[in-house]
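One structure below.
Throughout, protein chains are lettered first and strands after them, A, B, ... in sequence-line order, and every chain is numbered starting at 1. Heavy-atom basis, side chains included; hydrogens, waters and symmetry copies ignored.
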Number of protein chains: 2
Amino acid sequence: MSGKTRQRILTTALALFNEQGESNVSTNHIADELEISPGNLYYHYRNKDDIIEQLFQRYEERMDAALTVPDGRAVTLEDVWLQLHLVFECIWDYRFLYRDIINILSRNRSLRLRFARILKRGSGNAHAIMKGLNDSGTMRASAAEIEGLATNILVLATFWLNYASIHGEKDEQRAIQQGIVQVMMLVSPFLRDSERLHLHTLSAAYAS
Amino acid sequence: MSGKTRQRILTTALALFNEQGESNVSTNHIADELEISPGNLYYHYRNKDDIIEQLFQRYEERMDAALTVPDGRAVTLEDVWLQLHLVFECIWDYRFLYRDIINILSRNRSLRLRFARILKRGSGNAHAIMKGLNDSGTMRASAAEIEGLATNILVLATFWLNYASIHGEKDEQRAIQQGIVQVMMLVSPFLRDSERLHLHTLSAAYAS
DNA sequence: GTCTATAAATGGATAGAC
DNA sequence: GTCTATCCATTTATAGAC
């Protein structure tokens, strides 16, 4: 059972970080919650940052998996919907990172570079998908408009769950659905009339 | 000179909080920087939260002053531009609040309520200004579109400087200008053709 | 692998002299 | 108003027994 405790530490740390914020959870808290000794925890991980890096690794792999562009076929609005779901679910599951992102990145150069890469990938992804919608005739926007739109999608996706949290929204599914609707509202003005009407119908049902 | 040290503590605390993040600045750090004793600092303020509350008070008054709607005349795009400037400058000057907002609000019920009020006021403000642009014929959007637009403006304005900070943007003026351009891009699709062209010309010059 | 015990450092806060 | 001295609690991290 070599990796058993090691895994339990990660799982419990993630839960506590998400609930109480990374800076409010000490290694002692994590050990307490697991009913193991602090010494035992330090046998498995060098320090708190080591735990955070392992969690970041999982986050990174999951976000990389979520950020894909349909290959060899036209992009549809359903693709956007699905991808936003995957991205928001990932952010939710690792929301402690986003809640304290500037602090966490400011004390760890490696994570800073890796998060910058994720953001860049997210930006490129939003770009490619918007361009795909444009090429398939689903929407119509200039290059400059797609550029600005991709940036706004990225910022909104990155910080929406923080915003929802400040508003006291505790329900994961509701928060995510509202986030998706808001991102869709960014795209909506550029859609063909028929697509836009269809989207508004879907959104109204979805956000209720 | 009764209030002299009291004021210097606020000024120095604000500078340190903005530079290093509120959670990374202890009362000892503030006293050190001012070259006064920790005991002296505690003579002027009950505790660290007391200092934060006083800073929040100043932030609150400034943001309240920035969030106004032109009275008795039509709203123009220049009004939007000016107001975004005032709002972003205010957020910049108190960026420590936004950087750690969830943590700060989670441990202080009073600030939570007061920040919620500011957000609500910001939301109502964005709403009223968009409605004003609509009424003056500068833009054309449905009630649902204005609703979604106002929310997205609020989220973008609230978190843009965090996003810019992650990107390593250290220059206040550049960060703010880019933020304004991005907000304007949210509004752009709803503008009349002539207004939209005018805006794109202005934005291109502004963001350079 | 896990525990107990503990060191070393830091942060918040107060008492009492000046 | 300001300082010195100090206390208490917390956190990170390690040493050494089992």
Determine yes or no for a side-chain-to-main-chain donor-acceptor pair under 3.5 angstrom, with [X] supplying the side chain and [Y] the backbone.
X        : Y       : result
A:Arg114 : A:Glu60 : no
A:Asp50  : A:Arg46 : yes
B:Asn162 : B:Tyr98 : yes

Could you give the [atom1]-to-[atom2] distance, from [X] to [N], as a whole number of Å?
X       : N      : atom1 : atom2 : answer
B:Leu41 : D:dT4  : CG    : P     : 14 Å
B:Ile36 : D:dG1  : CD1   : C1'   : 10 Å
A:Asn47 : D:dT14 : CG    : P     : 8 Å
A:Glu35 : C:dT4  : CD    : P     : 12 Å
B:Arg6  : D:dG1  : CZ    : C1'   : 13 Å
B:Asp50 : C:dG12 : CG    : P     : 14 Å
A:Ile30 : D:dA13 : CD1   : P     : 11 Å
B:Glu22 : C:dG11 : CD    : P     : 13 Å

With respect to the phosphate group of [N], does any side-chain polar atom (N or O) of [X] fall under 4.0 Å of OP1 or OP2?
X       : N      : answer
B:His29 : C:dT10 : no
A:Tyr43 : C:dT2  : no
B:Thr27 : C:dA13 : no
B:Tyr42 : C:dT14 : no

Answer yes or no: does atom CZ of A:Arg109 have more than 12 heavy-atom neighbours from other residues, nucleotides or ligands under 6.0 Å?
->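 No - once you tally the heavy atoms of other residues, nucleotides and ligands closer than 6.0 Å, there are 12 at most.
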Contact class for A:Asn28 (heavy atom, under 4.0 Å): base, sugar-phosphate, or nothing?
->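 The answer is base, as A:Asn28 lies within the cut-off (heavy atoms under 4.0 Å) of a base atom.
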Just call it for A:Ser37: base, sugar-phosphate, or nothing, with non-hydrogen atoms closer than 4.0 Å on any strand.
->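 A:Ser37: base contact, heavy atoms under 4.0 Å.
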Given D:dA13, D:dT2, C:dG12, the nucleotide with the shortest approach to the side chain of B:Ser26 | C:dG12
Basic-acidic side-chain contact under 4.0 Å: B:Glu19, B:Arg99 =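 Judged by the 4.0 Å cut-off on N to carboxylate O distance, B:Glu19 and B:Arg99 do not form a salt bridge.
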By nearest-nucleotide position on DNA chain D, the 5'-leaning member of A:Gly39 and A:Asn24 is A:Asn24
